[in-house]
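Report on the structure given below.
Lettering of chains follows the sequences in order, A, B, ..., and the numbering in each one begins at 1.
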Amino acid sequence: MSRTPDIDRAASRAAELRAVLAEHNYNYHVLDAPTIPDAEYDALLRELSAIEAEHPDLVTSDSPTQRVGAAGTTDFSPVRHEVPMLSLNNAFDDVEKTDDRERFAEIADFVRRIETKLGIENPEFSVEPKLDGLAISLRYEGGIFVRGATRGDGVTGEDVTANLRTIKVIPLTLRGKDWPAVLEVRGEVYMPRAAFEAYNEKARETGEKTLANPRNGAAGSLRQRDPGATAKRPLAFYAYAVYLPDDLDATIAPRHSEALARLRDWGFPVSPEVDTAQGFDGLVAYYRRIGARRDALPYDIDGVVYKLDRYDGQKVMGFVSRAPRWAVAHKYPAQEQTTQIVGIDVNIGRTGAATPLARVQPVQVAGVVVSNVTLHNADQIARLDARVGDYVIVRRAGDVIPEIVRVVVERRPEGTVEWRMPTECPVCGSALVRVEGMAVWRCSGGLACGAQRKEAIFHFASRRAMDIEGLGDRLIEDLVDLDYVKTIADVYKLDVDDWVEMKRRADERDGTVPETVKQGKVATKWAENLVASIDKSRATTLERFLYALGIRDVGESTAKALARWFGGFDAIANAPLEELKQVPDVGPVVAGRIVEFFAEPHNRDVIDALRAAGVVWAEHEPQRTVQGHLAGKTVVLTGTLEQMSRDEAKDKLEALGAKVSGSVSKKTSFVVAGPGAGSKLEKATELGIEVWDEAKLIAYLDEVGQG
DNA sequence: GGCCCTCGAGTTCG
DNA sequence: CTCGAGGGCC
């Protein structure tokens, strides 16, 4: 039988994948220094599995698909596992699909295979989070912990008994009396996220080496030669399986979930997230429930594990190759991915701040495609030594904004050069300068710089400033590029015809003339709406107007303080430095910025033009003392309020004299927490600060006549 | 001069 | 949300 070119190609790709995977296995298991994220490793392994499934002849005994892990190291004495430590099959989602049965097709298949083979419907599963740590096996004889070992290659691991003994949550003697003479408990050693961060913070202070991530922290800690060094690492452990090695047919309970409960009784920590679930729908519901809380869990997880609950059922299902057919690991979308930097641009903000931005090959991270990653500032780039062409690990963790975790220096292509902040503004060509000792570089072009002009207008129109609905970045971009506005005051000079004409010119320039226009129709409704909303913005408040001007370091809060203190605009514009410094929270720097702003004739002209265009606000007597039921109190709002908007609550509290702040400290008087409250509520509890729910706030407002 | 507490500014994707 | 830096207090 002659081999076809197809098979030859598959054979060479399989060999290539095996070589690559073997290298990564060594890095991961032996050196504890992976050079690619797990998601990428999984993708390579799946590709190899797929090739082998299609061409069974190509399967070799040394293929990574046929083994559980990599070879152990010789550092610690080898331990042969009487019951092999298996790996689980992984299931991934097809995120393109919206129907659950299609999206989670691999899970649906898994459940269906069990239902068919056992002839039952909606089998019961024991379900648990899959911690991102290190699998270990603990042996107990006569209720005493006698030996602990790493997984190694699944058959032979390393003796790490001394190090495991240092982990406080691992029982050295079992509680109760009804335990078997010999048992082996399997579980995951992991490093809680908070402990990981605290460890790194301390390591940074003392100049020690920091840990790359909690998983590496756990793995590295168990490999310490000196158990004393391990003891200093904040490790934890959860048990998830139990065996009776002297009689493998016997079990300590008929169901896995009951076995876990027994383990708990004997003193083993079992994850509180462990639960049971019925059939496909139950599994998916659990997957979603844990997924929604993934970031809030105190440890990293990369998925959830489903195990057929009944042991007799597990026995019937048996194994395929080395993985059980009665269990599966359902992975969440990766929160880390490798990609390549294709370019580094520099963004210019409203204040001229130059922010480097990495353009990367688009990759899916935690469910969205990331193509831009901020690099914050030049210091950050220098710290990371990120270069154009570099492969980098991108993460989208707790918050939404992607960041570069680190550069994969091992994969750096030849000929890359260190990145340097350009000397000129990429938009207007003015010099980029950095004030001694400051982190940010700034464009010195001021409002002559197109980027700063755009940002100034965007800020002026924003919701918390003049609140011009419909005037967004796209429109402002065209407005400035086509020279329709030079200053924020020009926005009020444009009529419907100007807007329509501007849009026509922009479309012409871009070659994107809409069909309707080609047919001779001109859309004007949007321009009418826009002009109406610009008109509406003319009636504003002193504090909004002050904020809208975009004076450096005068944000919402400072603008409000100035408005209260002076009561009128001219008093502020003409106030000498010393008087400004009297205002609470205004010091020499901010006072200087304000004086500087109003000393600039151009700014005076713009303000005059705005007033001439009909921008008005109410003025009042200076208010220099705080009055009301909540005078002197600092309140923090967190979570979602259901009866009123956050802004509404803020207004009402401020009307009572309270200061509404964004961060909890020991100065905080009380915290109003709605559903979904996170770190702020946690901090309040920690500091022993009074916490109100929304109902209590409403009752209080009613009582003092603000409801 | 050295803390702690706030505020300001910049940020990604759909 | 997070970082950096300004303000205020010891």
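For residues 540-547 of chain A, proximity to DNA chain B is found at no residue, defined as any non-hydrogen atom under 4.0 angstrom from a strand atom. If you check residues 557-566 of chain A against DNA chain B, the residues with a heavy atom closer than 4.0 Å are A/S557, A/T558, listed by number.
Summarising the local packing, NZ of A/K633 is surrounded by 12 or fewer heavy atoms from other residues, nucleotides or ligands at distances under 6.0 Å.
Taking atom CZ on A/R395 and atom P on B/dT11, their separation rounds to 20 Å, with Å as the unit. In this structure, A/I348 places its CD1 atom 14 Å from C1' of B/dA9, rounding to the nearest Å. At whole-Å resolution of the value, CD in A/E455 and C1' in B/dG10 are 9 Å apart. If you measure from atom CD1 of A/I381 to atom P of C/dC3, you get 16 Å, rounded to the nearest angstrom. Look at CG on A/L375: it is 18 Å from P on C/dT2, rounded to the nearest Å. The interatomic distance linking A/R593 (CZ) with C/dG7 (P) rounds to 9 Å, in whole Å. The separation between A/Q582 atom CD and C/dG7 atom C1' is 14 Å, rounded to whole Å. Rounded to an integer number of Å, the gap from CZ of A/R442 to P of C/dG4 is 13 Å.
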Enumerate donor-acceptor pairs with a distance under 3.5 Å from any side-chain N or O in residues 551-559 of chain A to protein atoms, sequence neighbours excluded.
from   : atom 1 : to     : atom 2 : distance (Å)
A/D553 : OD2    : A/R593 : NH1    : 2.2
A/E556 : OE1    : A/R464 : NE     : 3.0
A/E556 : OE2    : A/R464 : NE     : 3.1

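Atom CD of A/Q337 and atom CD of A/Q364 lie 8.0 Å apart (nearest 0.5 Å).
Taking A/W692 as the reference, A/F670, A/Y700 meet the ring pair (Phe, Tyr, Trp, His ring centres under 6.0 Å) condition, with sequence neighbours excluded. Remark: A/Y299 pairs with A/Y190, A/Y238 by the ring pair (Phe, Tyr, Trp, His ring centres under 6.0 Å) rule, at least two apart or across chains.
A/D481 has its side chain within reach of A/K454: a pair of non-hydrogen atoms, C-beta onward, lies under 4.5 Å apart. Side-chain contact check for A/L447 versus A/E600: every heavy-atom pair is 4.5 Å or farther apart.
Note on residues 335-348 of chain A: pairs passing salt bridge (Lys or Arg N to Asp or Glu O under 4.0 Å), not counting sequence neighbours, are A/E336-A/R395, A/D345-A/R359. For residues 559-576 of chain A, the set of pairs meeting the salt bridge (Lys or Arg N to Asp or Glu O under 4.0 Å) definition, not counting sequence neighbours, comprises A/E543-A/K560, A/K560-A/E654, A/D570-A/R611. Sequence neighbours left out, the pairs with a member in residues 544-565 of chain A that pass ring pair (Phe, Tyr, Trp, His ring centres under 6.0 Å) are A/H459-A/Y547, A/F545-A/F569, A/F545-A/W617. Residue pairs meeting the ring pair (Phe, Tyr, Trp, His ring centres under 6.0 Å) criterion with at least one member in residues 331-364 of chain A, sequence neighbours excluded: A/Y287-A/Y332. Among pairs with a residue in residues 643-668 of chain A, none fulfils ring pair (Phe, Tyr, Trp, His ring centres under 6.0 Å), at least two apart in sequence or across chains.
OP1 or OP2 of B/dG8 has not a single side-chain nitrogen or oxygen of A/T351 nearer than 4.0 Å. Taking 4.0 angstrom as the limit, A/R350 places a side-chain polar atom (N or O) nearer than this to OP1 or OP2 of B/dA9.
Ionic pairing of A/R193 and A/D300 is present here: one or more N-O contacts between side-chain nitrogen and carboxylate oxygen are shorter than 4.0 angstrom. Between A/R412 and A/D385 a salt bridge is recorded (basic side-chain N to carboxylate O distance below 4.0 Å).
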Pairs: protein N or O with nucleotides 8-10 of chain C N or O, under 3.5 Å:
from  : atom 1 : to     : atom 2 : distance (Å)
C/dG8 : OP1    : A/D585 : N      : 2.9

Got a list of protein N/O to nucleotides 12-14 of chain B N/O distances below 3.5 Å?
from   : atom 1 : to     : atom 2 : distance (Å)
B/dC13 : OP1    : A/S371 : N      : 2.8
B/dC13 : OP1    : A/N372 : N      : 3.0
B/dC13 : OP2    : A/N372 : ND2    : 3.3

